[in-house]
Amino acid sequence: MIKKFIVLIERDFADRDYAGYVPALRVGAVGNTKEEMLENLKDIITIELGRRAELTEHEHEFGAVSVDFPVTN
C-alpha cells in the first residue's frame, strides 16, 4: 500500500539546512539539503509506522499569517 503524507518544509538560511515536518504523524527531520532532509524524514516515517499497531493520523489545518510588529532601532 502506498500512503502519501504532506510535508511542511522550511529552509533555514542562518543554519543553512532544511527542516521537514509531517503533521499527520507529528514527526520531523533535518538535513543539509532538501534531498537529505527528505531521506532522513523517510527513515523516521518508516520507524514511526513500524512501531504503531495501526496508522492513526492526527487532524490538522494549515495556514500562514502575516503579523506586523513595531521594531525600534
Side-chain angles (χ1 to χ4, degrees):
M1 173 174 81
I2 301 291
K3 177 66 180 164
K4 290 187 179 187
F5 294 101
I6 293 173
V7 178
L8 305 178
I9 299 173
E10 177 186 17
R11 182 173 181 197
D12 188 330
F13 290 98
D15 287 338
R16 296 184 178 156
D17 66 2
Y18 288 83
Y21 178 68
V22 179
L25 299 175
R26 296 183 178 168
V27 298
V30 296
N32 291 323
T33 65
K34 189 185 301 184
E35 293 76 18
E36 180 183 12
M37 177 275 298
L38 289 171
E39 286 302 315
N40 293 341
L41 193 55
K42 288 177 187 177
D43 291 342
I44 297 294
I45 290 170
T46 300
I47 292 167
E48 184 66 16
L49 294 178
R51 71 179 196 88
R52 294 179 181 214
E54 61 183 53
L55 180 58
T56 303
E57 293 185 48
H58 303 279
E59 290 186 32
H60 50 274
E61 179 179 309
F62 301 103
V65 297
S66 176
V67 180
D68 295 326
F69 287 96
V71 178
T72 57
N73 292 340

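- Rounding to the nearest 0.5 Å places CD1 of Ile6 at 11.5 Å from CG of Leu25.
- To the nearest 0.5 Å, atom CZ of residue Arg11 and atom CE of residue Met37 are 11.5 Å apart.
- Shortest non-hydrogen contact noted between Pro23 and Leu8 is CG-CD1, 3.8 Å.
- Taking NZ of Lys34 as the reference point, atom CD1 of Ile9 lies at 5.0 Å (rounded to 0.5 Å).
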N/O donor-acceptor pairs under 3.5 Å from side chains in residues 40-50, not counting sequence neighbours:
{"from": "Asn40", "atom 1": "ND2", "to": "Val30", "atom 2": "O", "distance (Å)": "2.7"}
{"from": "Asn40", "atom 1": "ND2", "to": "Glu36", "atom 2": "O", "distance (Å)": "3.3"}
{"from": "Thr46", "atom 1": "OG1", "to": "Lys42", "atom 2": "O", "distance (Å)": "2.9"}
{"from": "Glu48", "atom 1": "OE1", "to": "Arg51", "atom 2": "NE", "distance (Å)": "3.0"}
{"from": "Glu48", "atom 1": "OE1", "to": "Arg51", "atom 2": "NH2", "distance (Å)": "3.4"}
{"from": "Glu48", "atom 1": "OE2", "to": "Arg51", "atom 2": "NH2", "distance (Å)": "3.2"}
{"from": "Glu48", "atom 1": "OE2", "to": "Arg52", "atom 2": "NE", "distance (Å)": "2.8"}
{"from": "Glu48", "atom 1": "OE2", "to": "Arg52", "atom 2": "NH2", "distance (Å)": "2.9"}

